[in-house]
Amino acid sequence: DVTKSLSSAWVDCEPTLGNTDFTIASQNPDVPVTVKQYQSDGTTEIVLGGAANSTTMVFKETVTDPQSNTVKLQVEFKAIGSTLDGTDLQESGLVASGSTATVTIGSLSFGIYHWRARTMDSASNTSAWFAYGYNDETVVDVAVIPAGATAYRWILGSSGSWGTSTNWTPNGVPGNAAGDSVAIDASGATITLSSTPANALTAVLVTNGAILTLSGDITLTTTGDVLV
C-alpha cells in the first residue's frame, strides 16, 4: 500500500489588508473601586464624610491593567456645588500594573468637597469613573477644615434641634469649635437653630428637601459656602 499526504496551498487571511492578518483590540485599565482618601501623612484614612486636618490630602489605589501596561491614577476633586466634568484632573505617575498609585493634592481651601477617580494606562486608555462612596455630587465626601474643627452630618432622619448633640455624627453641636462644617440631607426634615453658634462655620450644606430654620434673632456665620 502507498499512503500519500496531500495538502493545499496556503491562503492569506484577509489578503486585501496586506501583511496585517488580525489586530488585538486595546483593553481599558481596571476601574479603581477601592481607592481611598488619606490625611497628608498618606497612611491615616479619612472616612466618607470625614475631615482632613490639613490642606493637603492623599489618594491611593492599587492600579491594574489587563494587558500589563503601566497605569496611573487620576482624581477629579472639586468643591460641592461644582460639577464633576472631567477637567482639572490631578494624577499620579505611571506605575507597574499591580502597584500602588498615589495622588497628592495640596493648597486646598477650607470647604466641603466631592470627588471621583479613574485609571489611565500608558496607551492613554481610560477606565470608567468611580464615584467615591458610590454617591451623587451633592454628598460631602470630605471636609477640609481647620485643625480642631469637626465635620458634622445630621443623622436623626426627621426634624429636630440643632443643639441636640445626638442628632449629629459624630455627636456634638456644630459651632462649638471654629471652622466646623455641617451637612444636612434628611429628606423633608426641619432643623431648628435657636441660638447663635459660638463660632463661625466653614460651610453649611442643606440638601434633599431638608430645611434649616433660624428661630429668633440668630446669626449663622460661615467663612465659606452656604449651599441649599
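All of these numbers come straight from a predicted model, not from anything done at the bench.
When all heavy atoms of S97 and T64 are compared, the closest pair comes out as OG-CA, 3.4 Å.
When atom types are taken as modelled, the side chain of T213 and the backbone of S215 share no donor-acceptor pair closer than 3.5 angstrom. Counting only distance, with no hydrogens or angles, the side chain of N208 and the backbone of A186 share no donor-acceptor pair below 3.5 Å. Between the Q39 side chain and the T44 main chain, no donor and acceptor come within less than 3.5 Å of each other. The closest donor-acceptor contact from the side chain of S161 to the backbone of G163 lies under 3.5 Å.
Screening Q90, E137, Q37 against W115 for a side chain to side chain donor-acceptor pair (under 3.5 Å) leaves a single residue, Q37.
Atom CG of D41 is surrounded by more than 12 heavy atoms from other residues, nucleotides or ligands within 6.0 Å.
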Full working for ring-ring contact (aromatic ring centres under 6.0 Å, His included) between W162 and W168: CA-CA 8 Å; W162 175 294; W168 303 94; 5.4 Å; yes
Test ring-ring contact (aromatic ring centres under 6.0 Å, His included) applied to F77 and Y113, step by step: CA-CA 7 Å; F77 185 89; Y113 293 88; 4.7 Å; yes
Verdict with supporting geometry, D141 and L48, side-chain contact (heavy atoms from CB on, under 4.5 Å): CA-CA 5 Å; D141 291 332; L48 178 65; 3.4 Å; yes
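V173 and L156 end up in the same hydrophobic cluster when Ile, Leu, Val, Met, Phe, Trp and Tyr side chains are linked at under 4.5 Å.
Salt-bridge annotation for E45 and K36: absent, with no side-chain N of the basic residue lying under 4.0 Å from a carboxylate O of the acidic one. Using a 4.0 Å cut-off between charged side-chain N and carboxylate O, D185 and R153 make a salt bridge.
Looking only at atom types and distance, the side chain of S127 has a donor-acceptor partner in the side chain of T119 under 3.5 Å away.
Using a 4.5 Å heavy-atom cutoff, the side chains of L205 and V140 are in contact.
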